[in-house]
Amino acid sequence: MTQNHGNAETAHPTQARVMAALDATWPAAETVRRDGWVLRRGAGGGKRVSAATGAGDITAAEQAMRAWGQAPLFQLPQGDDALDAALADRGYATIDPTVLYAGPAAALAGTGAHMGLAYIAQCRPALLDEIWREGGIGPGRLAIMDRVSCPHAWLMSRVGDKGCGAAFAGVDDDVAMVHAIEVLPTLRRNGAGALLVEAAARFALANGATSLTLAVTEANAPARALYERLGMAQVGRYHYRVHPEGDRA
């Protein structure tokens, strides 16, 4: 996807490329490719690592997910209309419409938009666990970070004398992705989120990536406004379809 900004033309990674980077930098506990499906065992790590993608016999995919103790859940990238309609016919509900953003790492690394500091660490500081715990990011998602095999780092932003923001970044060749961005509620709107994006962009550049990407729910208007203000552009969307029996499936 290409967007024009003034006289400059910036090429962004495609939706498919960003989805591939999402898988590489935020991996499921187990991934099985079978009969047209990519099936993911999430091990309590949330929807991104638990949803099936692809095309094939829906009943077979449902059975495989139930065998793992997971409710049937499918991730539908924008344009996957046939599967979306088939799941709707089965009574599956739409949840968590999500927007994919991308921006040039070189530009994002040097915005200088806010005063403060951001740190890039190769191991997870205890303070980040506290920030994530307050934001509802628990052991299942922390375990994802621990099993990432691509170049990765933990990010912490500090404004004044307080560590207030946490994030995780991974690099998949030329595309970096930042995950689990969380800022303490009492310290939001002070630039901590922008500092995390800048730190992620610096890490991306240091590891050979030219694009920084992320996924954010459509409903998170403040975060989306921040990313767009920093110069990131929408490059795709996805949503989930959840079985009508939900967690009882």
For atom CG of Asp35, is the number of surrounding heavy atoms from other residues, nucleotides or ligands below 6.0 Å larger than 12? no
Nearest heavy-atom contact between Ala192 and Ser157 is O-OG, 3.3 Å
Is it true that Leu230 and Leu214 fall in one hydrophobic cluster, defined by side-chain heavy atoms closer than 4.5 Å? yes
For a 4.5 angstrom cut-off between non-hydrogen side-chain atoms, does Tyr119 reach Trp154? no
I need the Arg141 CZ to Asp146 CG distance, nearest 0.5 Å. 15.0 Å
Quick one: are Thr14 and Val235 in side-chain contact, heavy atoms under 4.5 Å? no
Mind listing the closest non-hydrogen atom pair of Ile131 and Gly165 along with its distance? CD1-N, 3.8 Å
Single-linkage hydrophobic cluster, 4.5 Å side-chain cutoff, Ile144 and Val32 together: no
For residues Tyr101 and His12, determine if any side-chain heavy atom of one lies less than 4.5 Å from a side-chain heavy atom of the other. no
With a 3.5 Å cut-off and no angle check, do the side chains of Thr217 and Arg224 form a donor-acceptor pair? no
Nearest heavy-atom approach of Gly42 to Ser50 is CA-OG, 3.3 Å
What I'd like to find out is whether the side chain of Glu134 reaches to under 4.5 Å of the side chain of Pro185, using heavy atoms alone. yes
Where do Leu39 and Thr31 land on the side chain to side chain contact (heavy atoms under 4.5 Å, CB included) test, with the steps shown first? CA-CA 6 Å; Leu39 304 166; Thr31 300; over 6 Å; no
In the single-linkage hydrophobic clustering (I, L, V, M, F, W, Y; side-chain heavy atoms under 4.5 Å), do Val18 and Leu76 co-cluster? no
Salt-bridge criterion met for Arg237 and Glu218 (N-O under 4.0 Å): yes
Atom of Ala28, atom of Arg41 and distance for their closest heavy-atom approach: CB-O, 3.6 Å
Same cluster (ILVMFWY, side-chain, under 4.5 Å), Leu184 and Met156: yes
Picking from Asp89, Asp84, Asp96, what satisfies salt bridge (Lys or Arg N to Asp or Glu O under 4.0 Å) with Arg241? Asp84
Value rounded to 0.5 Å, distance of CG in Leu87 from OG1 in Thr94: 9.0 Å
Have a look at Phe74 and tell me which of Tyr238, Trp37, Tyr240 forms a ring pair (Phe, Tyr, Trp, His ring centres under 6.0 Å) with it. Trp37
Only pairs under 3.5 Å count here: list side-chain donor-acceptor contacts from residues 172-180, not counting sequence neighbours, and write none if there are none.
{"unit_1": "Asp172", "atom_1": "OD2", "unit_2": "Arg17", "atom_2": "NH1", "d": "2.9"}
{"unit_1": "Asp172", "atom_1": "OD2", "unit_2": "Arg17", "atom_2": "NH2", "d": "3.3"}
{"unit_1": "Asp174", "atom_1": "OD1", "unit_2": "Arg17", "atom_2": "NH2", "d": "3.2"}
{"unit_1": "His179", "atom_1": "ND1", "unit_2": "Arg48", "atom_2": "NH1", "d": "3.3"}
{"unit_1": "His179", "atom_1": "NE2", "unit_2": "Thr25", "atom_2": "OG1", "d": "2.8"}

Is any NZ, NE, NH1 or NH2 atom of the basic residue among Glu62 and Arg90 found under 4.0 Å from an Asp or Glu carboxylate oxygen of the other? yes
Kindly indicate whether the side chain of Pro77, heavy atoms from C-beta on, has any atom under 4.5 Å from the side chain of Gln15. yes
Any chance you could lay out the side chain to side chain contact (heavy atoms under 4.5 Å, CB included) test for Leu108 and Arg202, step after step, and finish with the verdict? CA-CA 8 Å; Leu108 292 167; Arg202 292 199 305 273; over 6 Å; no
May I have the step-by-step check of side chain to side chain contact (heavy atoms under 4.5 Å, CB included) for Arg124 and Phe168, ending in yes or no? CA-CA 9 Å; Arg124 191 168 74 238; Phe168 178 81; over 6 Å; no
Tell me whether Arg34 at atom CZ has more than 12 heavy atoms from other residues, nucleotides or ligands lying less than 6.0 Å away. no
If I compare all heavy atoms of Val183 with all of Arg188, which pair ends up nearest, and what's the gap? O-NE, 2.9 Å
Does any non-hydrogen side-chain atom of Glu228 lie less than 4.5 Å from one of Gln234? yes
As an exercise, state the distance from CZ of Arg158 to SG of Cys164, rounded to the nearest 0.5 Å. 9.0 Å
Let me confirm one number: the OG1-CG distance from Thr213 to Leu22, rounded to the nearest 0.5 Å. 7.5 Å
Check this for me: does any side-chain nitrogen of one of Glu182 and Arg133 sit under 4.0 Å from a carboxylate oxygen of the other? no
Are Val99 and Leu196 connected, step by step, through hydrophobic side chains (Ile, Leu, Val, Met, Phe, Trp, Tyr) whose heavy atoms are closer than 4.5 Å? yes
How far apart are the closest heavy atoms of Ala215 and Thr98, and which atoms are they? CB-CG2, 3.8 Å
Can you tell me how far the CG atom of Asp23 sits from the SG atom of Cys150, to the nearest 0.5 Å? 11.5 Å
Could you give the distance from CG (Leu226) to CE (Met232), rounded to the nearest 0.5 Å? 9.5 Å
Candidate pair Glu30 and Arg40, rule side chain to side chain contact (heavy atoms under 4.5 Å, CB included), full reasoning: CA-CA 6 Å; Glu30 182 180 357; Arg40 299 172 179 85; over 6 Å; no
Any side-chain heavy-atom pair of Pro27 and Val148 under 4.5 Å: yes
